Amino acid sequence: MEPRQRRQDPQTLQNLLRAAYQQLLERQPYQHEKAGELEKIEQDFLRGRIGIKRLVRQIGGSRLYQRLFFSAGCNTRCVEQGFKHFLGRAPASKAEVATYHDILVHQGLQAMVNAFIDSEEYRHQFGNDHLPHPRQRLSGHPPLAYLLTNQMHRRHELGMQGSPLLHSLAAMEVGIP
């Protein structure tokens with residue numbers, strides 16, 4: 001993404017906003033989800049009152065983000081999603097996951113989001129004027145973190161074995177005959 005300038009044209013700002021939603025929420029929010037909180041964030045961004053970094057912070061701290069990625073699953077999964085959304089990569093180690101997990105459990109979701117955005121890695125990769133984006137290469141061997149994430153996902157699926165339908169869907173997803 002191009003850096004935000006003081007006076008960008010409205011279409012560029014709309015494109016940046018859509019890209020931010022896609023990166024952080026993994027979809028465009030429905031109109032009823034925008035009512036109130038996201039609507040105000042959008043207006044502030046489109047009018048130039050807030051920059052990209054603050055836009056990212058506010059979407060990450062929104063009730064919609066909380067509902068989609070915190071309330072709907074386990075804490076570890078929320079941390080993994082945070083790495084994907086805010087740093088554009090999977091966690092590199094269990095220690096990294098543990099660090100952000102500790103922040104999430106003891107200080108809350110907003111503190112975890114702030115820790116990602118205020119990190120040296122975020123500053124170095126995205127600064128104030130670039131949206132987070134996927135940074136891991138897609139070719140070659142997958143990074144160890146993705147393999148570990150996939151293993152955790154499989155263990156979760158195996159824990160749902162009580163349902164033959166869920167088990168068959170999980171088996172199809174991971175390629176088990």
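As the structure is a prediction and not an experimental result, all values here were calculated from the model. In what follows, every heavy atom counts, from backbone to side chain, and hydrogens, waters and symmetry copies are set aside. The residues of the chain are indexed from 1 along the displayed sequence.
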Next item on the list: Measure centre to centre between the rings of Phe86 and Tyr65, then say whether the value is under 6.0 Å.
Entry: yes
Check: Going by heavy atoms in the side chains, are Asn128 and Arg123 under 4.5 Å from each other?
Finding: no
Check: Are His130 and Ile52 side-chain neighbours, meaning at least one heavy-atom pair lies under 4.5 Å?
Finding: no
Note to self: If I compare all heavy atoms of Leu109 with all of Gly60, which pair ends up nearest, and what's the gap?
What the structure shows: CD2-O, 4.3 Å
Check: If you look at every heavy atom in Leu131 and Phe126, which pair is closest and at what distance?
Finding: O-CD2, 3.5 Å
Check: Around atom CD of Gln11, are there more than 12 heavy atoms of other residues, nucleotides or ligands at under 6.0 Å?
Finding: yes
With sequence neighbours excluded, tell me which residues meet salt bridge (Lys or Arg N to Asp or Glu O under 4.0 Å) with [X].
X      : answer
Arg63  : Glu37
Glu42  : Lys34
Asp118 : Arg57
Arg54  : none

Notebook entry, point to check: Between Phe116 and His85, is a ring-ring contact (aromatic ring centres under 6.0 Å, His included) present by the stated rule, with each step listed?
Noted result: CA-CA 9 Å; Phe116 279 120; His85 298 150; 9.4 Å; no
Item checked: Straight-line distance of Cys78 SG to Phe70 CZ, nearest 0.5 Å -> 6.0 Å
Notebook entry, point to check: Can you tell me how far CG of Leu46 sits from CG of Leu55, rounded to the nearest 0.5 angstrom?
Noted result: 9.0 Å
Pair up each side-chain donor or acceptor in residues 97-105 with any protein partner under 3.5 Å, not counting sequence neighbours, and list the distances.
{"from": "Thr99", "atom 1": "OG1", "to": "Ala95", "atom 2": "O", "distance (Å)": "3.0"}
{"from": "Asp102", "atom 1": "OD1", "to": "His106", "atom 2": "ND1", "distance (Å)": "2.7"}

Margin query: Is there a side chain to side chain contact (heavy atoms under 4.5 Å, CB included) between Leu87 and Gln125? Walk through the geometry before answering.
Written below: CA-CA 8 Å; Leu87 297 180; Gln125 292 296 322; over 6 Å; no
Note to self: Considering only residues two or more places apart or on different chains, which pairs with a residue in residues 21-32 satisfy salt bridge (charged side-chain N to carboxylate O under 4.0 Å, His left out)?
What the structure shows: Glu26-Lys84, Arg27-Glu33
